[in-house]
Amino acid sequence: MISFDEAMALLPRHIAPLEAETVALSKAVGRTLAADVTANIPSPRRTISAMDGYAVRLESVVPDAPMRVVGEARPGHPYEHPLATGTAVRIFTGAPLPEGADCVIMQEYASREGEGVRFSAGFGPARHIRQQGSDFAKGDVVLEQGTRCNPKALVAIAAGDRSEIAVHRQPRVALLATGDELAEPGSAQRTPDAIPDSTSYALAALVESEGAIVTTCERGLDDLPALERQAGELLGGADLVVVTGGASVGERDFAKPMFAAHGLELLFDKVAIKPGKPVWLGRAGGALVLGLPGNPTSAMVTARLFLQPILALLQGASTAHCWRSMPLAVGLPATGDRETFARAAWASKGLCPLGNQDSGVQGGLARGDWLIRCPRGQAELPVGAKVQALQF
């Protein structure tokens, strides 16, 4: 059994990004860049006005003295002539600045008089101009390799006039929940000894939210020959198989044996954490296989700690967890002989550990939006103590 840090250190050493492919910008959200994105044009493309007002040569402006308005500039429709001394051009936000102009006076300081305009004192010192390339120049890197494309990233890509980008292929993930007792949610009530499969839909949602594709979501009975056949089918069409349940040492626990016939090689087997000690990771049939505990809380905690980083690595992104130092609003009990990840909710004064930390808890799981990292042997912590927490 290894520590959490040792298990995390193994991931980047054994998991490489999937191959790259080119996708249209309209299909890029949620994908991870396989190469830097450089700009095809500068931003702004030309020096433009940052305000509605009048473009002028600042040295020729005298407060309250009339100036002749010689034209108009709008976005996409510039004033095409050099600006003569003593003249002004009506200009709108985003319009290219006329040649020779070096200032835009806001319209709030302007009084229009037919073909002329007067400017009241106090319009400076800001010039309300955005210089060509002040955001980025042509050829600049606007987004680096490994960046995940969220809606804000798409703004930068499109602003650089890029219609296609290179991204890593989406991981294909097969989900398998094992156990004779599992039933489709909504049907368990019809069989006395059945329990709803409460983790498969959650894991599928997590996988898809991380940019991967769920190829299949199945359940398997506790029958080793049948599970071996099922494992072979899943391995054939997936980059990663996630199996839940059957991860202890009982005679009917087939999570690892079902993959042994397909050449399972373990990267780690059990991690000294609570909840989630039975979590394991290996390779079989050319695919990764991640084993998660059957208890719902354990499954979701280990999915957050291990599944999300694995999906990130397959897509060329960082695996680093974003731990934050946060205060406790409620005291935290001492930790036992395993590193513990306590579920907690955020309140106005800090983190409130959930009252029931049992690995089988389901009703309270939705209230836990943070995981508090508690080193093994940690003493009881009082209200106000700072802890390391991960968004859950």
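Values below: all heavy atoms of this structure, side chains included; hydrogens, waters and symmetry mates excluded.
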Would you say that L314 contacts L288 through its side chain, given a criterion of any heavy-atom pair below 4.5 Å between the two side chains? yes
To the nearest 0.5 Å, how far apart are OG1 in T297 and CD in Q362? 7.5 Å
Any non-hydrogen side-chain atom of Q107 less than 4.5 Å from a side-chain atom of R90? yes
Less than 3.5 Å apart, any donor N or O on the side chain of S187 or E184 sitting next to an acceptor on the other? no
Hey, could you give me the CD/CD1 distance between E164 and I157, rounded to the nearest 0.5 Å? 12.0 Å
Atom CG of D193 with >12 non-hydrogen neighbours under 6.0 angstrom: no
Name all residues meeting the ring-ring contact (aromatic ring centres under 6.0 Å, His included) criterion together with F306; count only those two or more places apart in sequence or in a different chain, and write none if there are none. F4, F268
Residue R57 excluded, over 12 heavy atoms near CZ under 6.0 Å: yes
Determine yes or no for a side-chain-to-main-chain donor-acceptor pair under 3.5 angstrom, with D180 supplying the side chain and D222 the backbone. yes
Looking at the rings of F392 and F341, which for Trp means the six-membered one, are their centres under 6.0 Å apart? no
What I want to check is whether the side chains of R324 and Q388 have a donor and an acceptor closer together than 3.5 Å. no
Using residues 73-84 as the side-chain source, report each donor-acceptor pair under 3.5 Å to any protein atom, sequence neighbours left out, with the distance given to one decimal.
| residue | atom | partner | partner atom | Å |
| --- | --- | --- | --- | --- |
| R74 | NE | E72 | OE2 | 3.1 |

